[in-house]
Each structure stands twice: as C-alpha cells, then as structure tokens.
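Ligands are counted one by one from 1 in listed order, and the atoms in each one are counted from 1 as well. Predicted model only: the values in this text are computed from it and were never measured. We count residues from 1, following the sequence as given. Worth knowing before you read on, the calculation uses all heavy atoms, side chains too, and leaves out hydrogens, waters and symmetry mates.
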Amino acid sequence: MSGFFREGNALMCDGVPLEDVARTHGTPVYVYSAESVRRAYRSLDEAFGAHPHRIHYALKANSSLAIVRLLRSLGSGVDANSIGEIELAMRAGFSPVDIVFTGVGKSPDEIDRAVQLGLKAINAESAGELDRIDRAARAHGVRARVAVRVNPDIDAGTHPHVSTGLHINKFGVPLEHARALYHKMSDQPGLEPVGIHVHLGSQIVTLEPMQRAAATVVKMVQELRQAGVTLDHIDVGGGLGISYDGSRVPSAAEYARSILSVLGPSGLSIAMEPGRFLVGASAALLARVVDLKDGAAGHHFAVLDAGMTELIRPALYGSFHRIEAVTPRQARELCYDIVGPICESSDAFGEARKLPALEVGDLLAILDAGAYGSAMASNYNRHSLPAEVMIDGGEARLTRRRQTLDDQLSLEIGG
Ligand code: LLP
C-alpha cells in the first residue's frame, strides 16, 4: 500500500525524491502519499462489494486536515472520539450523518453537542451514559440515534496498551448488560437504538477474534429482533493491522470475507472504523542525523533531529518501524541504535539496525508512520510540531507548516 519506493539509490514518494522534500521543507517532516490512502480506501471499500457498508475513518489515527479531506473525497465517513474530532470533521465538510461518535468518558458538553447535531450514531459506553444521552436529547426535543458498545471479552492478541475487547478493559458494556440496555430504551424516549458496536483493539493481525466478535453481535441482534428491537447497522469497529516488518497480514479481501461470512446473512448494513489500515503505510517521517557516537560496548548511536515527540509509538509500545537511509552511502554496514534527542532513554526508534555507515546530516526515513504518528506528537522538550507534506500527482504540497515557538507561546498568558 505504501507509496515509498527506490528509484536507483534514492528513496522516493510517488516519484518525488524525499531528499528534495527535506531540502525544501526542513526536518523533521511527515511526508504522505495521497495515492497510498486512495489505494487502501478503495481496497477496503471494494472488498465489501455490494453488501451495504460504510467506512467511518477513525480520525484518531491521523486528523491532519489534508488527510481528512482526502478521505472525505473518497466517500468515507468518520469515527470521532471527542468533540474536537467532531468539530474538525464538520469543518472538513462532513455532515452529522457521516459521523459516529465512540469513546469512553464523553463529557456533558460533548453529549449535548452530539445530540444537537444528530450524528449517525453515538456509540454508548455505559448505562449511565445512555441515561445522560436520553436526558440531553429530551431536553432538546430530539431522539438521539445510539448503538451500545459491547465488550465481548475476546482476546485479539494485540499489545496490552491497545486491547479494548477484554473484560479487564475499560471499554463497552458486558454482553449480558447490553441486552437489558436495549430493552430499557423502550422507556427512554430520547433514545433511538439504531446499531450495535464492537471494537476489539488495534493492530490486529489474525481474523479469527474479529470474526468471533462479529458472530457474537449478530447473535445479539437476532435475539433483540425476536424481542421486537430492530437495529439497522452493526459497527465492527477498527483494528485491522498492517505489516510493519514485512510479515504477512490479512488483506482487505480476507478481512471482508471473514466478516461477511458471519454478518452477511443478518442483512444489516455494516459500519467499520478503520484508522491504521487506511493511513498507516501512507507516511514516512524524515529526520536528519545530528550526531553519531560510540557507546562503551561497541554500540553505535545515530541521534536524529526527531524523537518520541514526533513519533511516540516505539517508545510507548516498543513498536517496530522500518528505518532506511534516503540516499544510502556506498559504505560498509554498521549496526546502529537509532535514537532521538529527547532526554528519556525510551526515546529510541530502533535498536541494532543495519545501515550503510552514516554521516552527520544524512537523511533517514522512518516508514509506516501515517497512523498515530503526527496525531500523537507533542511539544515535550519544547519541540515544535513537524511540517507535513502531501505528495499527489507528482507534486509535493505543504499541508501543515512547521509549528514555531511563537505558536506554542501564543497560548501562554502573562509571559
Ligand atoms: N474505533 C475505535 C473505537 C477505536 O478505539 C480505534 C482505535 C479505532 C476504531 C481505530 O483502530 P485502528 O483501525 O487504527 O486500529 N496509538 C496506538 C493505537 C491506538 C488505537 C486506539 N483506538 C498505536 O499507535 O498503535
């Protein structure tokens, strides 16, 4: 899916040399391949074929406006996790019916706004939240479309920090409670049950748990139907993983086949909330080597001008990202620990990576950084958020300028 390939010795993004992008826009910089996002979106959309479905891109993966607008142009809806993401989606041109709102701990203001907007569905996380949505909707004289997020207690085999479908996780309500909540809604005039939601976690690379979760919600939908509660969609959440290290992962077609084999017969439309699958492979983070040093035990450190402030995944989850020299030197390979400039030992991108001998000033690309890269960046150590560039049709377009210290300080009062 990625748009990053070598032409001769040079790493390019869809025909544009990454050295040129770094020279023009400086480093660190995120470079996106618009074509990679299009390919991923289409592969998923086509995989579900004629079965009624809607892709709701999970904004949390990357809510840079250029990415969000690109997905809108492809026909995507969105999954928002906060009022900030809802408002951003509206500014990017989405309508309330394009938006599902998922997330633990929705504040009173968020509920109020979501109810007033009339979203496609508020995916409710608890009995108390449903009561609050009901009250807010009645206060505004409307009915809020809701889905209950069920927690099926299924292990999707993901990193514990991104598992959401186990009973020990804070997400959703146990199956046995969900049934009662749907029945109670007949006495809650502010609520219109329209769907059921399940999301097991992120970077899932085996289909069986997702298929089992889908089967669980189908069973519940059938039971509810017999009891007179009819829903119109099943929201299967996100979570489909990508290959960070070249190992085989399920394709969109395989994912769709496994979901459709259990959901197809229900006749309900499918909503899904992929984030990483759509944008993960679409970006590289470019950074320059600012120092090279040798540790005591023969360790070579390559220190970059980007760190956990620009891409926190390796520090936070021990995630693997491929790291390549943009223009490798004709030199013998050395084994480097690739680290950032932040004063934390967890600020490292990769250990013992073999790269042709580096020199200070060399440009490296950290690949598959499109999901949860820019979106999780921070100003720690007063790093400014990096610039972002989108490559489309052979052109490099600056889509977000680099943050300045003045931008940061503009929020501070009395300075
Ligand atoms: N829907 C819900 C309700 C979610 O909580 C998430 C992700 C998604 C959809 C999208 O999941 P995806 O398709 O992207 O796997 N920062 C972590 C990932 C956190 C995922 C949070 N929820 C990482 O960098 O791996």
Novice: Just to confirm my output: which protein heavy-atom neighbour is closest to atom 22 (N) of ligand 1, and how far is it?
Specialist: K60 CD, 3.4 Å

Novice: So, R113 and D109, do they make that salt bridge, N to O below 4.0 Å?
Specialist: no

Novice: Backbone N or O of S251 within a donor-acceptor pair of the E254 side chain at under 3.5 Å?
Specialist: yes

Novice: What residue and atom, counting heavy atoms only, is the protein's closest point to atom 25 (O) of ligand 1, and at what distance?
Specialist: R276 NH2, 2.8 Å

Novice: What atoms in ligand 1 come closer than 4.0 Å to a heavy atom of P274?
Specialist: 13 (O)

Novice: Of the choices E273, M376, R313, R149, which has the non-hydrogen atom that lies closest to atom 9 (C) of ligand 1?
Specialist: E273

Novice: Who's the nearest protein heavy-atom neighbour of atom 19 (C) of ligand 1, and how far?
Specialist: V162 CG1, 3.7 Å

Novice: Regarding ligand 1, does Y372 bring an N or O atom to under 3.5 Å of one of the ligand's N or O atoms?
Specialist: yes

Novice: Closer than 4.0 Å to some heavy atom of S202 - which atoms of ligand 1 meet that?
Specialist: 11 (O), 12 (P), 14 (O), 15 (O), 18 (C), 20 (C)

Novice: By number and element, which atoms of ligand 1 are closer than 4.0 Å to a non-hydrogen atom of G275?
Specialist: 12 (P), 13 (O), 14 (O)

Novice: Closest non-hydrogen protein atom to atom 8 (C) of ligand 1, residue and atom name please, with distance?
Specialist: H199 CE1, 3.4 Å

Novice: Can a salt bridge be assigned to the pair D20 and R23 using a cut-off of 4.0 Å between side-chain N and carboxylate O?
Specialist: yes

Novice: Answer yes when R91 and E87 have at least one side-chain N-carboxylate O distance shorter than 4.0 Å, and no when they do not.
Specialist: no

Novice: Going by an N to O cut-off under 4.0 Å, is there a salt bridge joining E129 and R149?
Specialist: no

Novice: Return yes when F277 approaches ligand 1 closer than 4.0 angstrom through a heavy atom, no otherwise.
Specialist: no

Novice: By number and element, which atoms of ligand 1 are closer than 4.0 Å to a non-hydrogen atom of D79?
Specialist: 1 (N), 2 (C), 9 (C)

Novice: Quick one: CG on D337 to NE2 on H300, what's the gap to the nearest 0.5 Å?
Specialist: 10.0 Å

Novice: Quick one: CD1 on I55 to CG on D79, what's the gap to the nearest 0.5 Å?
Specialist: 13.0 Å

Novice: Among G239, A61, A58, G103, which one has a heavy atom closest to atom 12 (P) of ligand 1?
Specialist: G239

Novice: Work out whether the distance between some heavy atom of A371 and some atom of ligand 1 is less than 4.0 Å.
Specialist: no

Novice: Should D407 and R401 count as an ion pair when the cut-off is N to O under 4.0 Å?
Specialist: yes

Novice: Spell out, as yes or no, whether a donor-acceptor pair under 3.5 Å connects the side chain of H53 to the backbone of H51.
Specialist: yes

Novice: Looking only at protein heavy atoms, which one is nearest to atom 16 (N) of ligand 1, and what is the separation?
Specialist: Y317 OH, 2.7 Å

